[in-house]
*Asks:* 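My structure is below; once you've seen it, I'll send some questions.
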Amino acid sequence: MAKPIFNIYDRSDYRIVKFDIPGGITTPEEFATAVQAIEAQLVGSFMLLINGRGPVWGYGMIFHAAHPTRAIATYDPRLGYVVIQTHHTAFTIGQILNDPEV
């Protein structure tokens, strides 16, 4: 089992959170500890873009920690970033955003 590694950086109005799980396997406890370590960086007046291969419950932990932020989108390689939560009129649930890194 391995603790996830998070890389967080800003691009204009977006904060991008990418994560990797070394070896591809982690426990809920390891994932929760990693999310708690970055929780303060997940909230703000920006759109949060999340990208990484991980369990649904891990994504749920990230969403919960980031809930107060402006909006959250997750990456789908076929579509781009899909808005899954918003508290701002500039975004709508289901809206597809282009990858700002492309």
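Computed from a predicted structure; not experimentally measured. In this chain, residues are counted from 1 in sequence order.
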*Asks:* To the nearest 0.5 Å, tell me how far N51 CG sits from D20 CG.
*Replies:* 10.5 Å
*Asks:* With a 4.5 Å cut-off on side-chain heavy atoms, are L49 and Y75 touching?
*Replies:* no
*Asks:* Enumerate the side chain to side chain donor-acceptor pair (under 3.5 Å) contacts for residues 90-102, please, sequence neighbours excluded, ordered by first and then second residue.
*Replies:* Y9-E101, K18-E101
*Asks:* What about the rings of Y59 and F31, do their centers lie closer together than 6.0 Å?
*Replies:* no
*Asks:* Is the closest side-chain heavy-atom distance between F6 and V17 below 4.5 Å?
*Replies:* yes
*Asks:* Taking the side chain as everything from C-beta on, heavy atoms only, tell me whether I72 gets closer than 4.5 Å to V83.
*Replies:* no
*Asks:* Is any side-chain heavy atom of R70 closer than 4.5 Å to one of T86?
*Replies:* no
*Asks:* Could you tell me the separation between the CD atom of Q41 and the CG atom of L48, rounded to the nearest 0.5 Å?
*Replies:* 10.5 Å
*Asks:* How about P55 and I21: do any of their side-chain heavy atoms sit closer than 4.5 Å?
*Replies:* yes
*Asks:* Under a 3.5 Å distance rule, please check whether T26 uses its side chain to pair with a backbone N or O of A2 as donor and acceptor.
*Replies:* yes
*Asks:* Establish, for the pair R15 and F46, whether the NZ or CZ atom is under 6.0 angstrom from the six-membered ring centre and no further than 45 degrees off its axis.
*Replies:* yes
*Asks:* Is any side-chain heavy atom of T69 closer than 4.5 Å to one of M47?
*Replies:* no
